[in-house]
Amino acid sequence: MTFVVGVVGGGQLARMMVPPAIELGIEIRVLAEGEGMSAAIAGTAVGDYTDLETVRAFARDVDVVTFDHEHVPQAVLRALVEEGVRVHPGPDALQFAQDKLRMRERLGELGIPMPDWARVETPEQLDAFIADHGGRAVVKTARGGYDGKGVRVVESAAQVEEWFQALDEDGRGGALLAEELVEFRRELAQLVARRPSGETTLWPVVESIQKNGVCAEVIAPAPGAAGAVAEMAARIGHTIAEELGVTGVLAVELFETTDERILVNELAMRPHNTGHWTIDGSTTSQFEQHLRAVLDLPLGATGFREPWTVMINILGGPSDGDLDGPARAALEDQPTAKLHLYGKTARPGRKIGHLTVAGDELDDVVFRARAAAAFFQN
């Protein structure tokens, strides 16, 4: 095939689109934010993704524009669409991943189960919400934020004073999102892919294990989720993809609560950390599927290659920055592990790669994955 896909953003998600693109005969071009980024292997331009002229020039010679992140301004996206550029996901869908308040409002209109929430514009409104919800609440900035950034558990509005101050200084009448602090048994993720002509596929629901607000491990499929839990997660994911008009991969992060509810936590309209296991564990990876979807090609099968797959993120890495030694040791100790490094230098808390192990017995797969990951920890 002779398609050209332009990816805005030079992170690891763009990098991981390159191998399936090569296999499909698709050319990948990347607009990176700076030199030496993770996707430099396919970097064709460096520039400001918030600048219309920069993005317009990049989009001129590609068949479709898609994204490594969700931060391209709506004005830029809508200008491209008006000029006839194919943008997937489009701005009408992407707005709900860019703004958490809009997302909550729209999901509420669709009857999607969520934590109780409120738009709060003043500290007094937030304190009232906290008082009505047991003395604690989750507060999120409406825009931006990821991997635990822009999210705090608070007992008073004073703990996010600087966020309210930033809203005042911005002068555009913004607000924060307040949510009930949900008592959950575990976190789940439902991955969906949808193409512009309407075909939709779903991977089985997975369990996501967080540490310090960052995804640390993923177990696919989620243990004990067959039946009602899997059906509810699939129904939620399919409904959101259809009703919001998502094109490409959609990740729906979920809470399975202690009182037997399944609630939507967050949305991401791009390949997602909770789907990295699909590279080695599924018939079709999320990255191949995303390329198929945005080009409106038939979607691939989403079954398992092995009964269980466990993915572990490599966070931070060795303090001396040496990845060669740990990588060699991990692969020698666990030859069935698949290692994916992102071309990043190690620093505390940074996602520098992930590894996956697949097999027949969950306990054995978890053990082997954690044993391999241990070589990257000090």
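Values below: all heavy atoms of this structure, side chains included; hydrogens, waters and symmetry mates excluded.
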Should Ile314 and Val310 be counted in the same cluster of Ile, Leu, Val, Met, Phe, Trp and Tyr side chains packed under 4.5 Å apart?
yes
Could Glu53 and Arg56 be called an ion pair, given the rule that one side-chain N must be under 4.0 Å from one carboxylate O?
yes
Taken to the nearest 0.5 Å, the spacing of Trp308 CH2 from Trp277 CH2 works out to 11.5 Å
Is any NZ, NE, NH1 or NH2 atom of the basic residue among Arg104 and Glu179 found under 4.0 Å from an Asp or Glu carboxylate oxygen of the other?
yes
Indicate yes or no: at least one non-hydrogen side-chain atom of Leu323 is less than 4.5 angstrom from one of Ile352.
yes
For a 4.5 angstrom cut-off between non-hydrogen side-chain atoms, does Val72 reach Thr50?
no
Determine whether more than 12 heavy atoms belonging to other residues, nucleotides or ligands lie under 6.0 Å from atom CG of Asp363.
no
Closer than 4.0 angstrom, basic N to acidic O: yes or no for Arg195 and Asp296?
yes
Spatial distance of atom CH2 (Trp163) from atom CG (Leu126) [nearest 0.5 Å]:
10.0 Å
Between CG of Leu267 and CE of Met103, what distance do you get to the nearest 0.5 Å?
5.0 Å
May I ask you to test the Asp322-Pro326 pair for a side-chain heavy-atom distance under 4.5 Å?
yes
Any salt bridge linking Arg370 with Glu217? Criterion: basic side-chain nitrogen under 4.0 Å from a carboxylate oxygen.
yes
Is there a chain of hydrophobic side chains (I, L, V, M, F, W, Y, each step under 4.5 Å between heavy atoms) that links Val85 to Tyr49?
yes
Side chain to side chain contact (heavy atoms under 4.5 Å, CB included), that's the test. Do Val218 and Ile209 meet it? Break it down for me.
CA-CA 6 Å; Val218 171; Ile209 300 168; over 6 Å; no
Check whether the ring centres of Phe67 and His88 lie less than 6.0 Å apart, and answer yes or no.
no
Looking at side-chain heavy atoms only, is the closest gap between Pro223 and Leu362 below 4.5 Å?
yes
Of Leu110, Leu94, Thr239, which is the lone residue that meets side chain to side chain contact (heavy atoms under 4.5 Å, CB included) with Leu244?
Leu110
May I ask you to decide if Ser38's main-chain N or O and Arg15's side chain share a donor-acceptor pair within less than 3.5 Å?
yes
Determine whether a donor-acceptor pair (N or O, by modelled atom type, separation under 3.5 Å) exists between the side chain of Glu199 and the backbone of Leu299.
yes
Quick check against the 3.5 Å criterion: does Thr278 have a side-chain atom that pairs as donor or acceptor with the backbone of Ser282?
no
Is the number of heavy atoms from other residues, nucleotides or ligands under 6.0 Å of Arg305 CZ greater than 12?
yes
Can you find a side-chain donor-acceptor pair between Arg102 and Gln95 that sits under 3.5 Å?
yes
Does this structure show an ion pair linking Asp364 with Arg368, if we count only N-O contacts that are shorter than 4.0 Å?
yes
Are there more than 12 heavy atoms of other residues, nucleotides or ligands under 6.0 Å from atom OH of Tyr342?
yes
Hey, is Arg78 close enough to Glu82 for a salt bridge, meaning N to O under 4.0 Å?
no
Yes or no on side chain to side chain contact (heavy atoms under 4.5 Å, CB included) for His290 and Thr66, after CA distance, side-chain angles and deciding distance?
CA-CA 9 Å; His290 187 74; Thr66 191; 2.8 Å; yes
Tell me whether Lys344 at atom NZ has more than 12 heavy atoms from other residues, nucleotides or ligands lying less than 6.0 Å away.
yes
Between His340 and His354, what is the ring plane arrangement, given parallel below 30°, perpendicular above 60°, and tilted in between?
parallel
Do the non-hydrogen side-chain atoms of Leu254 and Val264 ever get within less than 4.5 Å of each other?
yes
Whether Asn265 side chain and Phe255 backbone form a donor-acceptor pair below 3.5 Å
no
Other residues, nucleotides and ligands only: do more than 12 of their heavy atoms fall within 6.0 Å of CD on Glu109?
yes
Atom CD1 of Ile41 with >12 non-hydrogen neighbours under 6.0 angstrom
no
Check for me, please, whether Val5 and Met37 land in the same ILVMFWY cluster - side-chain distances under 4.5 Å, paths through other members count.
no
4.5 Å side-chain heavy-atom contact, Arg194 and Leu250:
no
Checking Asp280 side chain against Ala358 main chain: does a donor-acceptor pair fall under 3.5 Å?
no
Verify side chain to side chain contact (heavy atoms under 4.5 Å, CB included) between Trp203 and Val192, making sure each step is shown before the conclusion.
CA-CA 7 Å; Trp203 287 266; Val192 187; over 6 Å; no
Any Lys/Arg nitrogen of Glu207 or Arg185 sitting under 4.0 Å from an Asp/Glu carboxylate oxygen of the other?
no
Are side-chain N/O atoms of Ser208 and Gln210 paired as donor and acceptor at under 3.5 Å?
yes
pair Arg29-Phe58: side-chain heavy atoms closer than 4.5 Å:
yes
Do side-chain atoms of Asp68 reach the backbone of Ala14 as a donor and acceptor pair under 3.5 angstrom?
yes
Among the clusters formed by ILVMFWY side chains lying less than 4.5 Å apart, do Met311 and Leu191 turn up in the same one?
yes
Quick one, Thr302 with Gln289, criterion side chain to side chain contact (heavy atoms under 4.5 Å, CB included). Give me CA distance, side-chain angles, the key distance, then yes/no.
CA-CA 9 Å; Thr302 54; Gln289 199 82 303; 3.6 Å; yes
Tell me yes or no: between the side chains of His276 and Gln286, is some donor less than 3.5 Å from an acceptor?
yes
Taking atom CG of Leu31 and atom CG of Asp48, what is their separation to the nearest 0.5 Å?
8.5 Å
Just do the side-chain hydrogen bond (donor to acceptor under 3.5 Å, both in side chains) check on Thr274 and Glu253 with the steps written out, would you?
CA-CA 9 Å; Thr274 57; Glu253 297 181 75; over 6 Å; no
Tell me, with the steps shown, if Arg350 and Thr345 meet side-chain hydrogen bond (donor to acceptor under 3.5 Å, both in side chains).
CA-CA 9 Å; Arg350 191 183 199 189; Thr345 55; 3.2 Å; yes
Heavy-atom count check: over 12 atoms from other residues, nucleotides or ligands less than 6.0 Å from Glu162 CD?
yes
Please round to the nearest 0.5 Å and tell me the distance separating atom CD1 of Ile240 and atom CD of Gln190.
9.5 Å
Less than 4.5 Å apart, any side-chain heavy atom of Glu266 and any of Lys140?
yes
Is there a path of hydrophobic side-chain contacts, each under 4.5 Å between heavy atoms of I/L/V/M/F/W/Y residues, joining Leu24 to Ile28?
yes
Rounded distance [0.5 Å steps], CH2 in Trp117 versus CG in Leu263:
14.5 Å
Heavy atoms of other groups near Glu332 CD, more than 12 under 6.0 Å:
no
